Amino acid sequence: MARITFIQNDGTERVVEAEPGMTVMEAAVKNSIPGIAAECGGACACATCHVYVDDAWREKTGQPEQMEEDMLDFAFDVRPSSRLSCQIKVTEDLDGLVVRIPDKQF
């Protein structure tokens with residue numbers, strides 16, 4: 001299991017456990033994390049699971065593929081640390097991952 005910390009815009013933190021093979025979005029939805037709408041269900045066809053990956057974790061989560069980059073164009077307040085959580089696969093190496101939820105999702 002990997003622990004993931006979701007930080008809301010107001011600073012509220014919630015730590016959840018995710019099984020390897022899940023995506024960060026699936027872990028958020030399973031644990032009812034506010035701010036992760038995941039309207040497309042993880043098909044990388046919307047930007048409603050947008051998160052900001054903590055700088056310490058950016059290398060381990062990797063860079064977005066082209067399709068994800070295209071979808072991020074529809075996200076609110078995109079930053080260099082922006083990722084779609086449906087595209088981040090949970091592995092044991094991501095134990096302790098920290099992501100921040102944007103102020104709003106489109």
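Keep in mind the model is a prediction, meaning the values are calculated, not measured.
- L97 contributes atom CG, which lies 10.0 Å from atom NZ of K60 (distance to the nearest 0.5 angstrom).
- Counting heavy-atom neighbours within 6.0 Å of M67 CE, excluding the residue itself, gives a total of 12 or less.
- Placement of L94 and I33 within a single hydrophobic cluster is found when ILVMFWY residues are connected by side-chain heavy-atom separations under 4.5 Å, directly or transitively.
- A distance of 4.5 Å separates CE in M1 from CD in E17, rounded to the nearest 0.5 Å.
- Counting all heavy atoms, side chain and backbone alike, M71 lies closest to C46 at SD-N, 3.5 Å.
- Linking Ile, Leu, Val, Met, Phe, Trp and Tyr residues whenever their side-chain heavy atoms come within less than 4.5 Å leaves V78 and I7 in two separate clusters.
- Taking both residues in full, the closest heavy atoms of L72 and S82 are given as CD1-O, 3.8 Å, listed atom of the first, atom of the second, then distance.
- Checking N31, V24, V15 one by one against F6, the side-chain contact (heavy atoms from CB on, under 4.5 Å) holds for a single residue, V24.
- Linking ILVMFWY residues whenever their side-chain heavy atoms come closer than 4.5 Å, directly or via other members, places I101 and I88 in the same cluster.
- Of all heavy-atom pairs between E69 and P64, the closest is OE2-CG, 3.4 Å.
- Interatomic distance, OG1 of T48 versus CD1 of I36, reported as 8.0 Å (0.5 Å rounding).
- Checking side-chain atoms of E26 against main-chain N and O of T23 turns up a donor-acceptor pair under 3.5 Å.
- The nearest pair of heavy atoms linking C40 to A45 is SG-N, 3.4 Å.
- Listed here is the closest heavy atom pair of A27 and A18: CB-CB, 3.7 Å.
- Note that CZ of R58 and CD of Q63 are 7.0 Å apart. Values are rounded to the nearest 0.5 Å.
- Contacts of D73 classified as salt bridge (Lys or Arg N to Asp or Glu O under 4.0 Å), with partners at least two apart in sequence or in another chain: none.
- The hydrophobic cluster containing V99 does not contain L84, counting ILVMFWY residues as joined when their side-chain heavy atoms lie under 4.5 angstrom apart, directly or transitively.
- By the 4.0 Å N-to-carboxylate-O rule, D95 lies close enough to R3 to be salt-bridged with it.
- Here the closest heavy-atom approach between residue G62 and residue R83 is recorded as O-NH1, 2.9 Å.
- Between the E13 side chain and the T5 main chain, no donor and acceptor come within less than 3.5 Å of each other.
- Side-chain atoms of T12 do not come within 3.5 Å of backbone N or O of Q8 as any donor-acceptor pair.
- Atom SG of C44 and atom CD of Q87 lie 4.0 Å apart (nearest 0.5 Å).
- In this model, no donor atom of one side chain and acceptor atom of the other lie less than 3.5 Å apart for T91 and D93.
- Both the sub-6.0 Å distance and the 45° axial angle are satisfied by R79 relative to the ring of Y52.
- At a threshold of 4.5 Å between non-hydrogen side-chain atoms, the residues V51 and S85 count as touching.
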